[in-house]
Amino acid sequence: MKNSIRKILIANRGEIALRIIRTLKEMKIISVAVYSEADRTSPHVLAADEAYLLGPAPSRQSYLVMDKIISVALSCGADAIHPGYGFLSENSVFAELCVKNNLIFIGPSAQAISAMGSKLAAKEAVSKYNIPMVPGSDGAISTIEEARKVTQSTGFPVLIKASAGGGGKGMRIVWKEDELEEQLKRASSEAASSFGDGSVFIEKYITSPRHIEIQVMGDHHGNVIYLFERECSIQRRYQKVIEEAPSCIITPEIRKKMGEAAVLSAKSCGYTNAGTVEFIMDEQHNFYFLEMNTRLQVEHPVTECITGLDLVREQIRIAEGHPLSVKQEDLTIHGHAIELRVCAEDPANNFLPSTGVLNRYKRPAGPGIRVDDGIEEGSEVSIYYDAMIAKLIVHASDRTQAIERMLRAISEYEITGVATTLPFGEYVLKHEAFVSGNFDTHFIQKHYQQEHLKKTVPSEIVELAAALSGHLYHKKEQAAEPIQETGEELSAWRNRRWE
Ligand code: ADP
Ligand code: ADP
Ligand code: MG
């Protein structure tokens, strides 16, 4: 079965839409953007060959309206839909709807999404393959008696998780027995209201874990390969902020074991296309299956750097029916890559979302630097969508040089108008725990206090300084006065705002 794809609709926005469009251009495939009223002039809209309005800004009225997206795809003559991540990417109903309308869904089958979409179903599917699981309940827990039975064997603390949870939401830690009943009630009612599915289950809470995940890729000819690991332990609110590949604690033996476990997980549900198997690793380096994400992942660029593959191109070729372009034994790791999620959040104020207009936006450049973004100078960062505005990715020959390169890139990156995670990134990359590789998912709780960034100069002053610097420069041009020093001092002072 080979279907040559001529035109693809990208059912997404922001950096990931733009990133997909770039590969389509290289492959000479026509790109179709869709957008909400808030995104009329966004870079993904301008970059695409064609663009169609979906509706008002809220995603429920635009990026999540399945019928509208399908009808746009059909009327513009698209052959396929790429869902990106978030939005409809893990929605089996949408995947099914595409197929019913003769559109290729660039991702796994609807059945594979259903099998892995809920954490409980995923655990059930992989449990037959001897893949290590976090000790805990076998299925959903609905009564306190069932919960007590589980905690008798796991002990405390435990984590109550929503089966349909995602994006770090729907988890509660229970430290001791007498909190169990109350937390179980809260977790189930929260899960029902937030995810429309009240099922929760219990896992032993691993106290000093690392989050390590394996990228997999499967074709329609029965081949599944693993593209090594990504270390994603630097997190806030159970969500990743910094990711790297490879992980500095993984030996070739563990890598092979985890890779093979990930391939088995994928095979357990006849998985095709790109996917990620997430594991949690304890201090003794035992790893346990967490969940499978049935889509292209935010942090896929670090894998692209170390393998030299374009994962979006692979996804499209697989969707066309081609076999994988590489074999497991041909894959090797080249150098080291690190990604920092540049989120419009204030790391000096509990990572609260920050909105505003990007008065100044200047990307870093030079050797080994990649910026995946979906914004421009003058863009508005609104409350409607995810706070991640860009991803800063560096690639170097080893981890030490990748850290040095990331620090240079951060110092070159200029963003004003919103607070971002750039200063937090700088803090982490200079920290001894990160540099030595001795960290876990609690880096923030253990090593970071907001005061570390409090020296931050308020943005009004930075803007004033920028204006003053421009004024001095102008004066210098006019009068050829020897004001070089003042200008340099100012720019050194501006750069120091991240310290
Ligand atoms: P990744 O594992 O790719 O890093 P994240 O967990 O950070 O994924 O989520 C990627 C995107 O998908 C984010 O925009 C996040 O908000 C969104 N997302 C993931 N799962 C859900 C969910 N269950 N409900 C709503 N949004 C989700
Ligand atoms: P999500 O769907 O929100 O991504 P995950 O199950 O992947 O949910 O977990 C997200 C994060 O929560 C992990 O990266 C890890 O930091 C933490 N976590 C999940 N399960 C456990 C556990 N059993 N013990 C300790 N931390 C956990
Ligand atoms: Mg996860």
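As the structure lists them, so they are numbered: ligands from 1, and atoms in each ligand from 1.
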| request: Record the part of T207 in heavy-atom contact with ligand 2 below 4.0 Å; permitted values are side chain, backbone, both and neither. | output: neither

| query | What's the atom name of the N, O or S in E278 nearest to the Mg ion (ligand 3)? | reply |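 Considering only N, O and S atoms, E278 comes nearest to the Mg ion (ligand 3) through OE1.
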
| said: Restricting to N, O or S atoms, which atom of E291 is closest to the Mg ion (ligand 3)? | reply: OE2

Regarding ligand 2, does [X] bring an N or O atom to under 3.5 Å of one of the ligand's N or O atoms?
X    : answer
V134 : no
E278 : yes
Y205 : no
Y238 : no
L290 : no

| request: May I ask you to decide if the ring planes of Y427 and H452 are parallel, tilted or perpendicular, using 30° and 60° as cut-offs? | output: parallel

| said: Students often mix this up, so state it plainly: with edges at 30° and 60°, are the rings of H431 and H447 parallel, tilted or perpendicular? | reply: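 Aromatic pair H431/H447 classed tilted.
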
At less than 4.0 angstrom from any non-hydrogen atom of [X], what atoms of ligand 2 do you find?
X    : value
K119 : 1 (P), 2 (O), 5 (P), 6 (O), 8 (O)
T441 : 16 (O)
I280 : 18 (N), 21 (C), 22 (C), 24 (N), 25 (C), 26 (N), 27 (C)
K204 : 22 (C), 23 (N), 24 (N)
K161 : 6 (O), 19 (C), 20 (N)
G165 : 2 (O)
G168 : 1 (P), 3 (O)
E291 : 1 (P), 2 (O), 4 (O), 5 (P), 7 (O), 8 (O)

Judged by atom type as modelled, is there a donor-acceptor pair below 3.5 Å linking the side chain of [X] to the main-chain atoms of [Y]?
X    : Y    : result
S59  : S62  : no
Y385 : A57  : yes
T421 : F424 : no
Y448 : E451 : no

| query | For D373, which of R363, R341, K391 qualifies under salt bridge (charged side-chain N to carboxylate O under 4.0 Å, His left out)? | reply | R363

| task | Test K240 against every option in Q235, E339, E231, E213 by the side chain to side chain donor-acceptor pair (under 3.5 Å) rule and name the one that passes. | result |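 When side chain to side chain donor-acceptor pair (under 3.5 Å) is applied between K240 and each of Q235, E339, E231, E213, only E213 qualifies.
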
| Does Q239 have a heavy atom less than 4.0 Å from any atom of ligand 2? | no

| request: Go through the steps for Y35 and Y63 under the test ring-ring contact (aromatic ring centres under 6.0 Å, His included), then give the verdict. | output: CA-CA 7 Å; Y35 60 96; Y63 297 104; 8.6 Å; no

| said: For a 4.5 angstrom cut-off between non-hydrogen side-chain atoms, does M116 reach S268? | reply: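 Side-chain contact under 4.5 Å: yes.
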
| request: Would you indicate which of Q235, H211, K240, R237 comes nearest to atom 16 (O) of ligand 2 when only heavy atoms are counted? | output: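 Selected option, by shortest heavy-atom distance: Q235.
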
| message | Which heavy atom of Q450 sits nearest to which heavy atom of P347, and what is that distance? | response |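 Q450 and P347 have their closest heavy atoms at OE1-O, 3.9 Å.
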
